[in-house]
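Computed from a predicted structure; not experimentally measured.
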Amino acid sequence: MATAAASQVAFSAPVGGSDRAVRSSGIQGINSLSFGNKSWIGTALACDSKAAAQRGHVCRAVQQSSKSKVSVVPLDLESAKEPPLNTYKPKGPYTATIVSVERAVGPNAPGETCHVVIDHGGNVPYWEGQSYGIIPPGENPKKPGNPQNVRLYSIASTRYGDSFDGKTASLCVRRAVYYDPETGKEDPSKNGVCSNFLCNSKPGDKIQMTGPSGKIMLLPESDPNATHIMIATGTGVAPYRGYLRRMFMEDVPNFRFGGLAWLFLGVANSDSLLYDEEFTSYLKQYPDNFRFDKALSREQKNKSGGKMYVQDKIEEYSDEIFKLLDGGAHIYFCGLKGMMPGIQDTLKKVAEQRGESWDQKLSQLKKNKQWHVEVY
């Protein structure tokens, strides 16, 4: 695989939760890069500060190169042989602190999705692909006198967090809002308790957290040249953001990725794309190691003239995907459980066209630990 020469990609991101429309910026010369209240030195970044101020955006950069990635600490997070599991349980949760909550989609996205950064002080370590449990405040309506049930959220950062110091974790949260089918008006009494709690949180707020949990979506790292095919709808992209930052953004001495990461992301429209600026930067810097295909159901048409869903993209590249799977590629699915029937039907149809039994192929993929599914 070719490696990229040292270079920078600048992009703009919103301040304080305003819309997250992506706009590219010219690069000039500044020496630090800020994520939240953390910074690291050595990247050239700049944009027209006056124009940025008018947009209400700050300029950030992602530097992608084989020689100059982001330094991460503490490296002893690499030393564990097994992933941490259920360090904190529902009866004894950890009290963490909200660092920031930012709107992660543009103004024309249906609904709101937030990027939530949580400070766990390094006390609740996790691996990429795991989940945290969040216990929203208040009483369990079905069990008066008891706390709310735990809600699981896939972690959207690497073990080092967005500040690269091992003290934070990020969640990608879609605000669950209920609209009365007769009146069309929002009914707050039926809104998602935990998602609204997280999206409404402010820096400094305390939250009760459990976990980490999960092993099925852990990133296999025994072969740094493996192929990873990642399929997501909406916030299901969360674990893949962690994978990709580990592969392409962070300087991890014991993991030098040289394989292929191929992301399929299905959302409603361009404004609904999550972490698009990060993923686009990887495409520019690692074109031989990263592929990114988007299914925008309200903007694109499939070959039959209908809406483009992620399974349509899979069918489009099915021959290549099946050959990669035959060669040992890992395939991951994360998102709403409703995504799986359509995807399974597509894969079955393609297998039959190739003269294969999908049931047998699926059984073999599971046996080989190539098949990873986390839906909710």
**Request:** State whether the side chain of T280 and the backbone N or O of E277 hold a donor-acceptor pair below 3.5 Å, judged by distance alone.
**Result:** no
Give the table of side-chain donor-acceptor pairs shorter than 3.5 Å for residues 171-180, with sequence neighbours excluded, one pair per line with atom names and distance.
| from | atom 1 | to | atom 2 | distance (Å) |
| --- | --- | --- | --- | --- |
| R174 | NH2 | P110 | O | 3.2 |
| R175 | NE | E112 | OE1 | 2.8 |
| R175 | NH1 | N196 | OD1 | 2.9 |
| R175 | NH1 | N200 | OD1 | 2.9 |
| R175 | NH2 | E112 | OE1 | 3.2 |
| R175 | NH2 | N200 | OD1 | 3.1 |
| D180 | OD1 | E182 | N | 2.7 |
| D180 | OD1 | T183 | N | 3.1 |

**Item:** side chain to side chain donor-acceptor pair (under 3.5 Å) involving D319 - partner list, sequence neighbours excluded
**Value:** K323, R354
**Request:** Taking Y275 for its side chain and A238 for its backbone only, find out whether a donor-acceptor pair lies under 3.5 Å.
**Result:** no
**Item:** Main-chain N/O of I231 paired with Y240 side-chain donor or acceptor, under 3.5 Å
**Value:** yes
**Message:** With side chain to side chain contact (heavy atoms under 4.5 Å, CB included) as the criterion, how do D162 and R241 come out once you've worked through the C-alpha distance, each side chain's angles and the decisive distance to 0.1 Å?
**Reply:** CA-CA 11 Å; D162 285 6; R241 179 180 185 256; 3.0 Å; yes
**Request:** Go through the steps to decide whether S357 and D359 satisfy the test side-chain hydrogen bond (donor to acceptor under 3.5 Å, both in side chains), and finish with yes or no.
**Result:** CA-CA 5 Å; S357 162; D359 290 340; 5.2 Å; no
What donor-acceptor contacts under 3.5 angstrom involve side-chain atoms of residues 122-137, with partners at least two apart or in another chain?
| from | atom 1 | to | atom 2 | distance (Å) |
| --- | --- | --- | --- | --- |
| N123 | ND2 | Y94 | OH | 2.8 |
| N123 | ND2 | H120 | O | 3.4 |
| Y126 | OH | S157 | OG | 3.0 |
| Y126 | OH | T158 | O | 2.4 |
| Y126 | OH | T168 | O | 3.2 |
| E128 | OE1 | R159 | NE | 3.3 |
| E128 | OE1 | R159 | NH2 | 2.7 |
| E128 | OE2 | R159 | N | 2.9 |
| E128 | OE2 | R159 | NE | 3.1 |
| Q130 | OE1 | W127 | N | 2.8 |
| Q130 | NE2 | P84 | O | 2.9 |
| Q130 | NE2 | G214 | O | 3.1 |
| Y132 | OH | V124 | O | 2.5 |

**Prompt:** What's the spacing between W358 CH2 and L347 CG if we round to 0.5 Å?
**Reply:** 4.0 Å
**Request:** For the pair K349 and E352, evaluate salt bridge (charged side-chain N to carboxylate O under 4.0 Å, His left out) and give the outcome as yes or no after the intermediate values.
**Result:** CA-CA 5 Å; K349 180 173 70 173; E352 289 172 350; over 6 Å; no
**Asked** Do D326 and K361 have side-chain heavy atoms sitting under 4.5 Å apart?
**Response** yes
**Request:** Answer whether the closest heavy-atom distance between the side chains of V267 and L296 falls below 4.5 Å.
**Result:** yes
**Qualifying salt bridge (charged side-chain N to carboxylate O under 4.0 Å, His left out) pairs, either residue in residues 227-240, two or more places apart** = none
**Item:** Contacts of K202 that satisfy salt bridge (charged side-chain N to carboxylate O under 4.0 Å, His left out) - sequence neighbours left out
**Value:** none
**Prompt:** What pairs meet the salt bridge (charged side-chain N to carboxylate O under 4.0 Å, His left out) rule with one or both residues in residues 136-150, with sequence neighbours excluded?
**Reply:** none
**Request:** May I ask you to decide whether D271 forms a salt bridge with R298, counting only side-chain N to carboxylate O separations under 4.0 Å?
**Result:** no
**Request:** Indicate yes or no: at least one non-hydrogen side-chain atom of F279 is less than 4.5 angstrom from one of L273.
**Result:** no
**Message:** Determine whether a donor-acceptor pair (N or O, by modelled atom type, separation under 3.5 Å) exists between the side chain of E374 and the backbone of I216.
**Reply:** no
**Asked** Is there a side chain to side chain contact (heavy atoms under 4.5 Å, CB included) between I98 and V116 once you walk through the steps?
**Response** CA-CA 7 Å; I98 295 290; V116 182; 3.8 Å; yes
**Message:** Under the rule for side-chain contact (heavy atoms from CB on, under 4.5 Å), what residues qualify as partners of K301, not counting sequence neighbours?
**Reply:** none
**Asked** side-chain contact (heavy atoms from CB on, under 4.5 Å) with S363: which residues, sequence neighbours excluded?
**Response** none
**Fill in**
Here the gap from L283 atom CG to N289 atom CG, rounded to the nearest 0.5 Å, amounts to 11.0 Å
**Prompt:** With a 4.5 Å limit on heavy-atom distance, are the side chains of Q353 and S318 in contact?
**Reply:** no
**Request:** Any chance you could measure I343, atom CD1, to F264, atom CZ, to the nearest 0.5 Å?
**Result:** 10.5 Å
**Side-chain touch R245/Y282, heavy atoms, less than 4.5 angstrom** = yes
**Message:** Would the distance check show the side chain of N269 and the main-chain N or O of N108 forming a donor-acceptor pair, the cut-off being under 3.5 Å?
**Reply:** yes
**Item:** Test salt bridge (charged side-chain N to carboxylate O under 4.0 Å, His left out) applied to D251 and R256, step by step
**Value:** CA-CA 8 Å; D251 182 15; R256 305 293 190 189; 2.6 Å; yes
**Message:** Check for me, please, whether L85 and V150 land in the same ILVMFWY cluster - side-chain distances under 4.5 Å, paths through other members count.
**Reply:** no
**Message:** Please report the interatomic distance CG(D293) to CD(E316), rounded to the nearest 0.5 Å.
**Reply:** 7.0 Å
**Asked** Between K69 and M247, is there a donor-acceptor pair closer than 3.5 Å when you use the side chain of the first and the backbone of the second?
**Response** yes
**Fill in**
So CG of L362 and CD of E356: to nearest 0.5 Å the spacing works out to 12.0 Å
**Request:** Measure the spacing between NZ of K313 and OG1 of T346 and express it to the nearest 0.5 Å.
**Result:** 13.5 Å
Show every donor-acceptor pair shorter than 3.5 Å between a side-chain atom in residues 329-341 and any protein atom, with sequence neighbours excluded, or say none if there are none.
| from | atom 1 | to | atom 2 | distance (Å) |
| --- | --- | --- | --- | --- |
| H330 | ND1 | K369 | O | 3.2 |
| H330 | ND1 | H372 | NE2 | 3.0 |
| Y332 | OH | H228 | ND1 | 2.8 |

**Request:** Given side-chain hydrogen bond (donor to acceptor under 3.5 Å, both in side chains), test Q311 with D345 step by step and report yes or no.
**Result:** CA-CA 9 Å; Q311 60 263 33; D345 288 345; over 6 Å; no
**Message:** Counting C-beta onward and ignoring hydrogens, is there a side-chain heavy-atom pair between L265 and F292 closer than 4.5 Å?
**Reply:** yes
**Message:** List the residues meeting side chain to side chain donor-acceptor pair (under 3.5 Å) with S270, not counting sequence neighbours, and say none if there are none.
**Reply:** E299
**Message:** Less than 6.0 angstrom from the centroid, inside 45 degrees of the normal: does R151 satisfy that with respect to the ring of F197?
**Reply:** no
**Asked** Any side-chain heavy atom of R291 sitting closer than 4.5 Å to one from Y317?
**Response** yes
**Message:** Enumerate the salt bridge (charged side-chain N to carboxylate O under 4.0 Å, His left out) contacts for residues 214-234, please, sequence neighbours excluded, ordered by first and then second residue.
**Reply:** E221-R246
**Request:** Would you indicate whether the side-chain heavy atoms of P90 and Q208 approach each other to under 4.5 Å?
**Result:** no
**Prompt:** Listed by chain and number, what are the side chain to side chain donor-acceptor pair (under 3.5 Å) partners of Y153, not counting sequence neighbours?
**Reply:** none
**Message:** Pair L244, M249 - check side chain to side chain contact (heavy atoms under 4.5 Å, CB included), show working.
**Reply:** CA-CA 7 Å; L244 295 170; M249 183 182 286; over 6 Å; no
